[in-house]
Structures are given as C-alpha cells and as structure tokens.
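For the numbers below, each heavy atom of this structure counts, side chains included, while hydrogens, waters and symmetry mates do not. All values derive from a computational prediction rather than experimental measurement.
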Amino acid sequence: MLSQKREKLPECILEADVLQEYTGCYSLPDGDSLNVTIEDGKIQVRTSGGYPFPIQYPTEKDKFIIQPYLNTSYCLFERGENGHVVKLSLVEGPHKTECERINN
C-alpha cells in the first residue's frame with residue numbers, strides 16, 4: 001500500500017478586520033452568485049440556494065486552501081488598484097473560475 005506524504009499547511013493568522021474585507025457577493029460566470037460571510041471567525045462561501053462551505057485555511061493574505069492537505073484547491077481574493085477586494089477566484093488544479101465582486 002502506498003502512503004501519500006502530506007505537506008503541512010503554512011500557518012497564517014488573519015485579523016477579523018482583514019477577513020471582513022472579503023465579505024460580499026461575487027458573480028459566477030454562469031450567472032449564479034457566491035455570498036461570502038464570516039461565521040464563528042471563519043469565512044463561509046455559499047452559492048445561491050446552496051450549502052455553505054468553509055474556506056478556513058489561510059496560507060497568506062488573500063489566499064485560502066479549500067481542503068487541508070490538498071494544495072491544488074484554493075480560493076484567491078484579488079485586489080484592485082485601490083487595495084479593495086474586487087474578485088474571488090476558485091482554483092482547482094489547472095481550472096480557475098473568476099468571480100467579479102458585485103457588492104460589499
């Protein structure tokens with residue numbers, strides 16, 4: 001049986017005010033939307049009508065691993081020239097889904 005070596009996730013602690021910068025609504029390319037909230041100090045993402053899923057493993061400011069020990073699936077928040085979050089990208093291996101921010 002082959003055992004898979006798991007890399008330890010880099011640790012990054014983000015303050016509540018930084019987490020608050022990510023909250024809002026983001027538009028998916030298919031017209032659906034993602035709502036980003038904070039619950040119990042963790043970021044939750046929910047599609048309209050769907051169940052929330054946590055993205056609670058920040059590896060650096062603006063980047064969160066979606067599943068622990070799966071460094072190929074992550075959420076990246078992108079900032080505009082003014083420093084405000086303008087986009088959320090979901091990355092799964094070679095696939096990237098970009099979601100433009102609709103509101104705060």
Legend entry - Ring centers of F64, Y22 separated by less than 6.0 Å: yes

Tell me which donor-acceptor pairs under 3.5 Å the side chains of residues 28-39 have, and how far apart each pair is, sequence neighbours excluded?
| unit_1 | atom_1 | unit_2 | atom_2 | d |
| --- | --- | --- | --- | --- |
| D30 | OD1 | D32 | N | 2.9 |
| D32 | OD1 | S48 | OG | 2.2 |

Inset, instruction - Output the distance between atom SG (C75) and atom CD1 (I43), rounded to the nearest 0.5 Å. - result: 7.0 Å

Please list every donor-acceptor pair under 3.5 Å in which a side-chain atom of residues 79-97 meets a protein atom from a residue at least two apart or in another chain.
| unit_1 | atom_1 | unit_2 | atom_2 | d |
| --- | --- | --- | --- | --- |
| R79 | NE | D62 | OD1 | 3.3 |
| R79 | NE | D62 | OD2 | 2.8 |
| R79 | NH1 | E21 | OE1 | 2.8 |
| R79 | NH1 | G83 | O | 2.8 |
| R79 | NH2 | E21 | OE1 | 2.6 |
| R79 | NH2 | D62 | OD1 | 3.0 |
| N82 | OD1 | H84 | N | 2.9 |
| N82 | OD1 | H84 | ND1 | 3.4 |
| N82 | ND2 | H84 | ND1 | 2.9 |
| S89 | OG | E78 | OE2 | 2.8 |

Inset, instruction - Could you grab the distance from atom CG of L14 to atom CD of Q20, nearest 0.5 Å is fine? - result: 13.0 Å

Legend entry - Atom pair CG (L76) and CD (E98), whose distance is rounded to the nearest 0.5 Å: 9.5 Å

Inset, instruction - Indicate yes or no: at least one non-hydrogen side-chain atom of I55 is less than 4.5 angstrom from one of Y57. - result: no

Inset, instruction - Could you list the residues that satisfy side chain to side chain donor-acceptor pair (under 3.5 Å) with D40, not counting sequence neighbours? - result: none

